[in-house]
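Quick notes on the structure that follows.
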Amino acid sequence: MAEITYLEAIREALFEEMERDADVFCLGEDIGAYGGAFKVTEGLMAKYGESRVIDTPISEIAIVGAAAGAAHMGMRPVVEMQFIDFIANAYDMLTNYVATARYRAFLPCPMVVRGPSGGYVRGGPFHSQNPEAGFVHTPGLKVVYPSTAADAKGLLKAAIRDEDCVLFFEHKYLYRRIKGEMPAGDHVVPIGKARVARDGRDLSIITYAATVYKALEAAQQLEREDGLSVEVLDLRSLAPLDDDAIDATVRKTNRVLIVHEDTRTGGLAGEITARINERCFEWLDAPVLRVTAHDVPLPYAPSLEDFVLPQTADIVLAARRLAAY
Amino acid sequence: MAEITYLEAIREALFEEMERDADVFCLGEDIGAYGGAFKVTEGLMAKYGESRVIDTPISEIAIVGAAAGAAHMGMRPVVEMQFIDFIANAYDMLTNYVATARYRAFLPCPMVVRGPSGGYVRGGPFHSQNPEAGFVHTPGLKVVYPSTAADAKGLLKAAIRDEDCVLFFEHKYLYRRIKGEMPAGDHVVPIGKARVARDGRDLSIITYAATVYKALEAAQQLEREDGLSVEVLDLRSLAPLDDDAIDATVRKTNRVLIVHEDTRTGGLAGEITARINERCFEWLDAPVLRVTAHDVPLPYAPSLEDFVLPQTADIVLAARRLAAY
Amino acid sequence: MARTGTVAGGGRGARGSAAAPPAAVPADDVELTQLQRLELYYWMRLTRSLEERLVNLYRQTKVVGGLFRSLGQEADAVGSAYALERSDVLSPLIRNLGSMLVKGATPVEILKQYMAKGDSPTRGRELNIHFGDTARGFIGQISPLGDMVPVMAGVTLSFKMRRDPRVGLVYVGDGATSTGAFHEGINFAAVQRCPLVVVVENNGYAYSTPTRKQTLAAQFIDKAIGYGIAAEQADGNDVIATYAATRRAVDRARRGDGVTLVELITYRRKGHAEHDNQSYVPAGEIDRWERENDPITRYLARLRSEGVTDDALAAIDARVAREIDEATDLAEQSGVPEALDALVGVYADPPSERPLWYRAGQGGVVDQHERPEGWGTYDAAARGAD
Amino acid sequence: MARTGTVAGGGRGARGSAAAPPAAVPADDVELTQLQRLELYYWMRLTRSLEERLVNLYRQTKVVGGLFRSLGQEADAVGSAYALERSDVLSPLIRNLGSMLVKGATPVEILKQYMAKGDSPTRGRELNIHFGDTARGFIGQISPLGDMVPVMAGVTLSFKMRRDPRVGLVYVGDGATSTGAFHEGINFAAVQRCPLVVVVENNGYAYSTPTRKQTLAAQFIDKAIGYGIAAEQADGNDVIATYAATRRAVDRARRGDGVTLVELITYRRKGHAEHDNQSYVPAGEIDRWERENDPITRYLARLRSEGVTDDALAAIDARVAREIDEATDLAEQSGVPEALDALVGVYADPPSERPLWYRAGQGGVVDQHERPEGWGTYDAAARGAD
Ligand SMILES: Cc1ncc(C[n+]2csc(CCOP(=O)(O)OP(=O)(O)O)c2C)c(N)n1
Ligand SMILES: Cc1ncc(C[n+]2csc(CCOP(=O)(O)OP(=O)(O)O)c2C)c(N)n1
Ligand SMILES: [Mg+2]
Ligand SMILES: [Mg+2]
């Protein structure tokens, strides 16, 4: 079977879901005739028309709010943020309105908010963000962030079919760099399950999105140079977190490194560390360590961005310290 | 010296700072003639006039943005959110514009955003929030959340004098319930320093805001019923966190319970746990545990709110488990 | 005073409205049967009496949290909602108790909500009249002002997409027009030509803030041209005029002619909530509106002039009193929510959260002393805003 | 075509503008010396030539990230900024290179920014022309559209509070008028009577979205009445008309008469950014604007008709060419930012963050292979928006 890119996998999911269910529709800025800033929705309007592929005004509050209203009425809206950074404008609508709809008003709100996320692309402080922490913190929202093409497709299909709002973060560094074969048939990856990206015995790296590849690179290097067997767990689903998978890898290797591209303070590594502490303290042979971005806005110049973001060499160093502990 | 309430202490700080520095001014909804929804700014407009105490339209984006613009020009704006919950509307302006101003543009942005926060008051899902986690996560912002009247005054004065943006959370449950004597003179409490609210040897409770009092109640009960000596650390400053104070209490008691009123997943306890892990792993005799709100929107009925929020009895139970570990 | 894409001359200014009550203007001629005209009276009377009952319950500390009144605004709420068909969808605000009753909310639901009962429409999760029911065609608001405009843009977008001839109506206060959500939502709906009516209830104040501190616009319908949409303005204290203006907007929406901004000029005679002493209101202003421009008094005079008998009106009053008494008895019988229900239904899947470990097996661990003393009455200011 | 609180009749429609270039209208009579008129030409030429140089550098992969053009909009940027005094404050957008130059930004700064040099105005922290200097009176934008309107409301509020007779000017695109920030900011400034000019640059498109999908308003000045503020509309491709309209607004602000919404009608001849192939633009539209309505061509004809000699114009062209060459040489010599500078200045106190432990003592730990291949040219789409 032919391989397709991470980006094409997302597009394929959109086509298949719009085909499968007439209630699925897309809305966002420049997603129609233009096909979106990254061309994820290319061809969608030509096939499904202007009424199911809606070019909106520059109004993130309205786009998300309108999706919620349509979702209440039985539609299945898929919102594109032109860059996920602009989800900040809809923070109130998502955390106060959408996230609470079912709980406070028994209103179903099945919708997806998706968009290009993440750095390593010289995008500067407003086109490189990883805003997952603020939403994982919000009860009522689900959050996924795939790293492979197959997961991108399968999780987006699951997100569109979910009865609640799912934030679907797409890593723009992976859009065209990552390829994969699509499993045959109606490929749906359940939300809430992590993926063991690499089996290992000596230590575990828990991560997600683009840093999965940095972790895998580091694992290879550690095997080659240190003879270490490193397990890499790709979380995929950030809310809910797959506690069972986390427990399993911790209890297997007893040493854990958490890696994420988001800034350190208040990033997801804290939450994961707390859970490991509560659930697996006696299995720990070393402190849970983290490799993350530095706590600064993400700068634009390559030398600065590379310094701020976590790199493979950092993971190797941190893993060595853990292994030697 | 006479005692004044937590709320009066905040008001006193506003009067003194407006008196001290003609560049300090206040803006927000209904803060002028009406004196604010909680009457925190009562009397301020009568004394300083409409141009320094500005009743604004219902426009949190504009209020925060305008404060930033004025701050660039050398003013010292103090913004009131009528309820801190509505800070969500200004999330983009705060995290994207204000937080990055110095870093990306060398623009000073000395301003304060303050407002009534927290639950235990039957305020329901939109008048009870503790939104600190989303902002502690943002490099460029400082966050304080006092629990005593003296700290409320001293930290607000420090916040107004700070060269950067400080979010000042006021716990509305404490407004009129907590009183304290004000230290004489120009009472300023430095941002970034925690406070030992109670000395102890056997175990540490790290907390802030209203749950400081629940922790203190629990500590008394544990002393009375279990003979346990419990230390209570009131963080006061959430960004930056006082790592030294955290280290000191952990290394002293070797058992840590973190308590916060915010929901569990993605709340601040995760970050604190990660730091303790990294900095004091060998001093830990037990896993770091947390007592927090349940992961649901905060419901309104007393029986529901009481169930969702952390209570003294929870802290006692968790502390007993820790002590017995 | 209809306006479609052009500016209405000489409209009653938004700023003027707080200063002086509008003189009685002859209501537009609309076809309403005698039965319907009496129905309008019933809804207005029910609204006012139900709120009066709530005041009693509030003083007995049976209301949890704040109490919000629509005194003097009953015509605006009832008349506008009455312009909708049963299958249309409405999004009310805190002062639209009347609109909700018209759309099928019942007094017992309202009372249970305010008393935070376990079998109230939100099972004690949300405050006062923050609830909805899509079956009856109303959607519960949330507190952040303006947010319901985008949501209703989406509700009505779905009608358009499905070629379903339903209409949506969303209320915003004069204050809420200052929010970004209002602007983005009405603009989005305009461009998408959603079948939506946006009703600006200009009652002169947003909490303590008079309209002139909210906007420099002479009148709210002046915003319509900037969105390229139609506008209607009406005396919101004249239930028939309100009905007629809203009806034109509803018809326009149903015809496929897009969004209308309807400005209803009225006056908030009570404070923002029950604790607000209205010290910021110029002396005499409230009295004048009460004396000269009470919507129920005005409507009663009109009905009488149209030949409705005192007996017919008294029968309605009696029915209202009886219904409220019955509803109160019923509501008081209900119990408080079960603590564990707090964990149910954040998501469809999982259907419930698990209690935290230190709560396992416990319904409630809360000691009596931990309850804020006298909640429900304690801290008036703590119940500052909706 | 000034309008103060009333609707201008027959304004050139926003939607019309993309379809057909406005016919040349006689520019308003303004007092500008010959020297000033030549200065306007200099700034427009400098803007265009500097962008052309940037295109060359972009093709040489010396530009990091995307490249944004203002081709065809030079008159609107230059003419409006020229209406400000030196001490006034301006907030530019991505297509206001010309405005920034007028306010004192230098070509070498622009080039260094685009090349992400260590001694660029933002030390490599921010993109392209996202930078400012309060001393020279311009404030750097951020990407989220609309946010600078509230910020400039605050800047000008401070002028009013200090009785400082300065004025502020903020640009928004046709697209950015749909944001909540625009609405909240302009309304706030209106009510506070801030000395602020809000310039809507109506260039027919927001990225690929034509104005008719952004708003149903016939023209953007129709929004002014809804904010109770004055409006001016001008042909944005006529530098003198643009200057005159903006000047009226600036004078009004300085007199204490509050906010003006200025609509400048122009056309974006290049794509949103350099990678955008403009496939969504109707055939012939761009050509027509280029042929019939290039702001520099038009202004040259006017200058010549006023007696300016070819020699005088050639001298300006030569000066521009020389300045850009010199600036390019200078900019190319600068180095990239020091990695550790990334940690400096998030706060005033502490002045710097500490490197994470695994970076201690290391300037950069990045292996060559970890750099995205060919950044600067790699992924056109990755540089989709500003
Ligand atoms: C975004 C937001 N900011 C602030 C508030 C607090 N608040 C609640 S009601 C209110 C005044 C509303 O005035 P208006 O819109 O005129 O409605 P009215 O009460 O007059 O019906 C305010 C400021 C809020 N609910 N939401
Ligand atoms: C809040 C927000 N949403 C989306 C974007 C992405 N974006 C960048 S520029 C642009 C189009 C802007 O159009 P317009 O305001 O007309 O300005 P122009 O480029 O035409 O000068 C978009 C959608 C953004 N920067 N900010
Ligand atoms: Mg009002
Ligand atoms: Mg544009």
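Below, each value reflects all heavy atoms present in this structure, side chains not excepted, and no hydrogens, waters or symmetry copies. Throughout, a chain's letter reflects where its sequence line sits, starting with A, and its residues are numbered from 1.
The shortest distance between side-chain heavy atoms of D/R125 and A/P125 does not fall below 4.5 Å. In this structure, D/E338 and A/F307 have side chains that are not in contact, with every pair of non-hydrogen atoms separated by 4.5 Å or more. D/V64 has its side chain within reach of A/P302: a pair of non-hydrogen atoms, C-beta onward, lies under 4.5 Å apart. Taking the side chain as every heavy atom from C-beta outward, A/Y34 and D/D276 approach each other to under 4.5 Å. Between A/H294 and D/R354, the closest side-chain pair of non-hydrogen atoms is not below 4.5 Å. Residues D/Y207 and A/Q82 meet the side-chain proximity criterion, which asks for heavy atoms closer than 4.5 Å.
Contacts between D/A176 and chain A at a heavy-atom distance below 4.5 Å involve the backbone alone (N, CA, C, O). In this structure, the portion of A/L289 lying under 4.5 Å from any heavy atom of chain D is its side chain and not its backbone. Heavy atoms of A/A293 lying under 4.5 Å from chain D belong exclusively to its backbone. For a residue to count as touching a neighbouring chain, one of its non-hydrogen atoms must lie under 4.5 Å from one of that chain's; by this rule A/R320 does not touch chain D. The parts of D/Q214 that come within reach of chain A are both its backbone and its side chain, each placing non-hydrogen atoms under 4.5 angstrom from that chain.
Side-chain atoms of D/T209 and A/D30 include a donor-acceptor pair closer than 3.5 Å.
Atom CG in D/D341 sits 6.5 Å away from atom CG in A/L304 (nearest 0.5 Å). Distance check: D/L356 CG to A/L317 CG gives 12.0 Å after rounding to the nearest 0.5 Å. In this structure, the separation between OG on D/S178 and CD1 on A/I61 is 11.5 Å, given to the nearest 0.5 Å. Considering CZ of A/R122 and CG of D/L127, their distance stands at 12.0 Å, rounded to 0.5 Å. Separation of atoms CD (D/E126) and CZ (A/F126) is listed at 5.0 Å; rounding is to 0.5 Å. Distance check: D/W357 CH2 to A/R290 CZ gives 12.5 Å after rounding to the nearest 0.5 Å.
Remark: A/E29 does not engage D/K213 in a salt bridge, criterion side-chain N to carboxylate O under 4.0 Å.
Looking only at heavy-atom pairs under 4.5 Å with chain D, the residue among A/V291, A/V308, A/L309, A/L298 that has the most is A/V291. For the set D/T177, D/N277, D/T122, D/V346, the entry with the most heavy-atom pairs within less than 4.5 Å of chain A is D/V346. Residue with the most contacts toward chain D among A/N89, A/T56, A/D295, A/T292: A/T292 (heavy-atom pairs, distance under 4.5 Å). Ranked by heavy-atom pairs under 4.5 Å with chain D, the list A/G124, A/A62, A/P299 is led by A/P299.
Listed here is the closest heavy atom pair of D/A206 and A/I58: CB-CD1, 3.9 Å. Taking both residues in full, the closest heavy atoms of A/Y300 and D/A116 are given as CE2-CB, 3.6 Å, listed atom of the first, atom of the second, then distance.
Heavy atoms from other residues, nucleotides or ligands lying under 6.0 Å from CD of A/E50 number 12 at most.
Panel note: side chain A/S303, backbone D/P337; a donor-acceptor pair is recorded below 3.5 Å.
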For this session: Show your working on side chain to side chain contact (heavy atoms under 4.5 Å, CB included) between A/Q311 and D/R359 and close with a plain yes or no.
Result: CA-CA 10 Å; A/Q311 307 291 354; D/R359 290 286 183 81; 3.6 Å; yes
